[in-house]
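Down below is the structure, laid out as structure tokens.
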Amino acid sequence: MIDKLLLYLQIPFVIYALIVGVLVALCSSLLGVTLVLKRFSYIGDGLSHVAFGTMAIASALKVAAENTPVASALSATGDMILVMPLTILCAVLLLKTGQNTAVKGDAAIAMLSVGALSFGYLIMNIFPTSGNLSGDVCSTLFGSTSILTLLPADLIVCVILSIIVIVVFVFFYNKIFAVTFDEDFAKAIGTQAGVYNLIIAIVTAVIIVLAMDLVGTLLISALVIFPAISAMRLFKSYRAVTVCSVVLSVFCALAGIIISILAGTPVGSTIVAADVAAFGICWIIGKFRR
Amino acid sequence: MALLDVKDLSLGYDSHTIIEGLTFSVNAGDYLCIVGENGAGKSTLMKTILNLREPYGGRIILGEGLKRSEFGYLPQQTIVQKDFPASVYEIVLSGNQGHCGWRPFYNAEDKKRTLEAMERLQITDLSKRCYRELSGGQQQRVLLARALCATKKLLLLDEPVSGLDPKVTVEMYELIESLNKDGITMIMVTHDIHAALSYASHILHIGSDIFFGTRDEYVDSEEGRYFINKKGEKS
């Protein structure tokens with residue numbers, strides 16, 4: 001078992017996968033606490049469906065514009081050049097509608113996510129990229145093995161985006177806390193709550209697009225929500241909860257990737273299963289402490 | 001020049017006006033209680049003063065060099081806060097956000113102010129405790145300490161004693177009174193007409209009739225006598 005693992009660890013693809021896995025897990029857990037507490041968990045879920053739709057558009061464009069500069073530009077950046085701006089746009093729109101009234105925001109998210117999902121599947125059917133359509137759909141929804149076939153270019157994009165996310169989070173940490181804990185108070189003493197909500201929405205969108213390859217669009221919310229909720233069972237200050245959820249998330253991602261390599265299970269669902277198990281353990285520890 | 005001058009203000013929600021032509025002023029050191037029936041617009045008025053919502057008409061003029069970032073606010077608790085994992089220190093510290101502007105981190109002065117505010121409200125020993133595990137009275141003290149970090153001049157309190165037991169309620173009122181004696185101007189929204197009469201220097205009564213004046217003038221006024229008697233019968 002150990003021999004097999006050591007053997008795999010010498011292959012660059014596996015190393016890339018582990019690096020990307022750790023970075024994605026780290027970034028996705030940072031905003032988890034805020035999204036859960038602000039009752040924004042569903043925005044993460046809605047956005048992941050939007051990302052699925054835009055993904056389908058991107059691959060359709062690639063087929064439609066084969067052998068043109070558009071196609072080569074799209075494949076060079078791994079679809080991200082199209083998927084990222086559209087997802088960010090939807091994040092901003094969702095946030096704006098969500099602020100008016102709770103019910104309207106809920107309905108808007110449901111509409112957008114189901115709409116994007118069906119639209120994406122429709123496009124994938126009309127412009128199939130390969131003979132194996134259901135395989136393509138399944139890998140987009142539940143994460144592909146493409147995490148194990150990453151190119152150095154993908155790795156660089158992921159590292160750069162992760163660094164941006166981490167820097168933004170650290171820089172705005174205190175403001176994100178203030179806006180999450182009490183938006184009215186923050187506004188009353190002159191904090192630009194609208195701006196920080198916007199930053200939260202944009203960072204969420206970036207994280208979701210980043211995490212899409214790793215666990216697939218259906219499972220992304222798990223990566224955002226589980227570490228935060230697990231950490232909330234154990235710790236009492238915002239800082240401790242944030243640090244703990246990062247540690248848990250990274251640990252579960254590493255464990256998930258390694259198990260999936262050894263046991264040949266799908267990467268995304270193995271990571272999420274590890275997150276669920278971690279939540280169970282934290283929940284029990286939390287119960288005993290009280 | 002008054003600290004806060006409200007001129008001909010109109011308020012409402014959902015494009016439905018509930019108050020028109022509201023004019024009053026608050027001077028430094030005043031203790032103003034805003035009273036009135038449920039739905040009369042007390043909280044709406046407070047949110048308008050805090051610039052959280054736009055008035056339908058009229059103006060609010062800040063005087064004596066008072067700036068928006070120098071307002072202190074004790075809001076009613078929200079659902080989000082009930083399950084919020086945050087230590088007392090983190091919450092009180094976040095009251096300094098108004099001093100920060102675009103500065104990302106708190107400086108030594110902010111931290112000193114935080115410790116002083118916690119000392120003043122006798123919650124220093126709770127510093128590391130989790131907010132959601134505190135009693136209602138302790139939570140209010142934490143939020144009041146946070147408001148003290150934000151202001152030295154003006155505090156707006158929205159139903160500061162709702163949900164507190166009688167003993168803690170009295171303590172809370174005494175605390176607010178002592179802060180007022182330290183020189184912080186108070187504007188408090190309350191149901192509790194008796195507390196308003198025993199602590200306030202000025203009363204603003206809103207509803208179908210609007211009254212603004214000192215406490216003694218209110219007791220002698222028609223609105224005041226009617227409202228005090230009505231409330232007295234109920235309790």
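Residue numbering restarts at 1 for every chain, and letters A, B, ... go by the order of the sequence lines.
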Under 4.5 Å from any heavy atom of chain A - which part of Tyr131(B): side chain
Heavy atoms from other residues, nucleotides or ligands near CZ of Phe251(A) exceed 12 (cutoff 6.0 Å): no
Top contributor to chain A interface from Leu52(B), Thr78(B), Leu93(B), Thr151(B) [non-hydrogen pairs under 4.5 Å]: Leu52(B)
Top of Arg68(B), Glu70(B), Lys47(B), Gln97(B) for chain A proximity - count of heavy-atom pairs under 4.5 angstrom: Gln97(B)
Part of Arg53(B) within contact of chain A (heavy atom distance under 4.5 Å): neither
Enclosure of Glu119(B) CD (heavy-atom neighbours >12, cutoff 6.0 Å): no
Shortest non-hydrogen contact between Ile189(A) and Ser94(B), atoms and distance: CD1-O, 4.2 Å
Side chain, backbone, both or neither of Arg129(B) within contact of chain A (heavy atoms, under 4.5 Å): neither
Heavy-atom contact with chain A under 4.5 Å, split by part of Ile91(B): both
Side chain, backbone, both or neither of Tyr173(A) within contact of chain B (heavy atoms, under 4.5 Å): side chain
Most contacts with chain A, counted as non-hydrogen pairs under 4.5 angstrom, among Gly95(B), Cys100(B), Gly98(B): Gly98(B)
Within-4.5 Å side-chain heavy-atom neighbours: Lys128(B) and Lys236(A): no
Phe105(B) and Phe171(A) aromatic ring geometry - parallel, tilted or perpendicular at 30°/60° bounds: perpendicular
Rounded distance (nearest 0.5 Å) linking atom CG of Asn51(B) with atom NZ of Lys187(A): 10.0 Å
Closest heavy-atom pair and its distance - Glu90(B), Arg239(A): OE2-N, 3.0 Å
Part of Val170(A) lying under 4.5 Å from any heavy atom of chain B: both
Among Leu37(A), Thr191(A), Thr180(A), Val241(A), residue most engaged with chain B (heavy-atom pairs, under 4.5 Å): Leu37(A)
Short side-chain donor-acceptor distance under 3.5 Å, Asp182(A) and Gln81(B): yes
Expected output: side-chain Asn174(A) to main-chain Pro104(B) donor-acceptor under 3.5 Å: yes
Geometric class of the Phe84(B)/Tyr238(A) ring pair [parallel <30°, tilted 30-60°, perpendicular >60°]: parallel
Lys175(A) side chain to Arg103(B) backbone, donor-acceptor under 3.5 Å: yes
Best-contacting candidate, Phe185(A), Phe172(A), Phe177(A), against chain B by heavy atom pairs under 4.5 angstrom: Phe185(A)
Which atom of Trp102(B) lies closest to which atom of Val195(A), heavy atoms considered: CH2-CG1, 4.1 Å
